[in-house]
Protein chains: 2
Amino acid sequence: MPIHSLDRDVEERLSDRDVRYTRGRRRVVAALHEADGPMSAAELHGKVGADVPLSSLYRTLAVLEETEVVMPHFGARGITRYELAEWLTGHHHHLVCVDCGTVDDINVPPQHEAAVRVLVEKIAAAAAFSPSAHVLEIEGSCSRCR
Amino acid sequence: MPIHSLDRDVEERLSDRDVRYTRGRRRVVAALHEADGPMSAAELHGKVGADVPLSSLYRTLAVLEETEVVMPHFGARGITRYELAEWLTGHHHHLVCVDCGTVDDINVPPQHEAAVRVLVEKIAAAAAFSPSAHVLEIEGSCSRCR
DNA sequence: GTAAGAATGAGAACTACTATCATTATATAT
DNA sequence: ATATATAATGATAGTAGTTCTCATTCTTAC
């Protein structure tokens, strides 16, 4: 999705919730859009510039999470990373490097995704659990570490 | 796996690594064995008794992680939970309740597990990533919350 | 242009976790 | 069995990531 139509979608969502789409918030959304995986507050601090204080980034992320523009991801010890919500980016999964900890997004072709969904349904059904979503993380060594 | 054979396996592993299998460590292993999902240090503090200080629990968990008796799980904001390693319990996945945050283990029948593995291979292959493991978390509402 | 409300920045406070160190327990050698 | 060396524990101080507070600045509506 190009940045301007993303921006329009986010703008509309925030306006619906009576929340302003300010410069600081735009910067965070843009940084997450350029990233190729979830980012932590500290990583965003490095990317959007150190002039934006960490406390503001945390608050911005909290606001964007409440309005469902971003989603938290808890894949690493002690740190919360954020990525744009799937209604903005499309459904995807993660490749997690067990050596360096980087997380990269991976898009799954529709037929595989459908197969995953069917399996999830079957597995959950056996436990009388009604699944609303699934998270698949593939662990291994990334190309940089291998 | 019954507790005594689990205990024997852990004992052997720790002895191999020249680490003692003490009373405190046994208590943690037993608590994790009885649990039906990963537990945090604070939750263990409640379960094994408040007479075991948190600092000891954190260190015990670190030792058990180094010796690969337990595995960390980062499914919740800011907290690390631990569960017995899969060589002790068998491979399994998680049902995560989006309402209350509880995580329950779920065993997956072999044919479904095989299908998951095949899909993971295919998805990863498309990104030139060689998978060593996978984590599948199924989100939904647990029976208590529904 | 002004008033009301929202967002920001700076820093204090909180929580999960880690490190330190003195004390206690365990294992090995004699 | 006792002494000695090494490991584990408990208490507490310290750290990192995150959240809260509040005074100031910016927006929006009138």
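A, B, ... follow the sequence lines: proteins, then strands. Residue 1 opens every chain.
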Which residues pass the salt bridge (charged side-chain N to carboxylate O under 4.0 Å, His left out) test with [X], not counting sequence neighbours?
| X | result |
| --- | --- |
| Arg26(A) | Asp7(A), Glu11(A) |
| Glu65(A) | Arg77(B) |
| Lys47(A) | Glu34(A) |

Listed by chain and number, what are the side-chain contact (heavy atoms from CB on, under 4.5 Å) partners of [X], not counting sequence neighbours?
| X | result |
| --- | --- |
| Ile79(A) | Ser40(A), Ala76(A), Arg81(A) |
| Val135(B) | Glu137(A), Glu139(A), Glu137(B) |
| Ala41(B) | Leu54(B), Tyr58(B), Leu61(B) |
| Val10(B) | Leu6(B), Leu14(B), Tyr21(B), Val29(B), Val69(B), Leu88(B) |

Flag for Asp104(A)-His94(A): side-chain donor and acceptor within less than 3.5 Å: no
Under a 4.0 Å heavy-atom criterion, DNA chain C is touched by chain A from dG5(C) to dG11(C)
Under a 4.0 Å heavy-atom cutoff, the residues of residues 28-37 of chain B touching DNA chain C are none
Tabulate protein N/O versus nucleotide N/O from nucleotides 7-17 of chain D, keeping only pairs under 3.5 Å, one per line.
from	atom 1	to	atom 2	distance (Å)
dA7(D)	O4'	Arg20(B)	NH1	3.4
dA7(D)	O4'	Arg20(B)	NH2	3.1
dA8(D)	OP1	Arg20(B)	N	3.0
dA8(D)	OP1	Arg25(B)	NH1	2.8
dT9(D)	OP1	Thr22(B)	OG1	2.8
dT9(D)	OP2	Arg25(B)	NH2	3.4
dG10(D)	OP2	Ser56(B)	OG	2.8
dG10(D)	N7	Arg59(B)	NH2	2.9
dG10(D)	O6	Arg59(B)	NH1	3.3
dA11(D)	N7	Ser55(B)	OG	3.2
dG17(D)	O3'	Gly78(A)	O	3.3

> Any sub-3.5 Å donor-acceptor pair from His45(A)'s side-chain atoms to Val52(A)'s backbone N or O?
Replying inline: yes
Donor-acceptor pairs under 3.5 Å, side chain of residues 110-128 of chain A to any protein atom, not counting sequence neighbours: which ones?
from	atom 1	to	atom 2	distance (Å)
Glu113(A)	OE1	His93(A)	NE2	3.1
Glu113(A)	OE2	His91(A)	NE2	2.9
Glu113(A)	OE2	His134(A)	NE2	3.0

Per-helix bend value, the helix from dG1(C)-dC30(D) to dT30(C)-dA1(D), C1' rotation axes over five pairs per end, 10° rounding, shows 30°
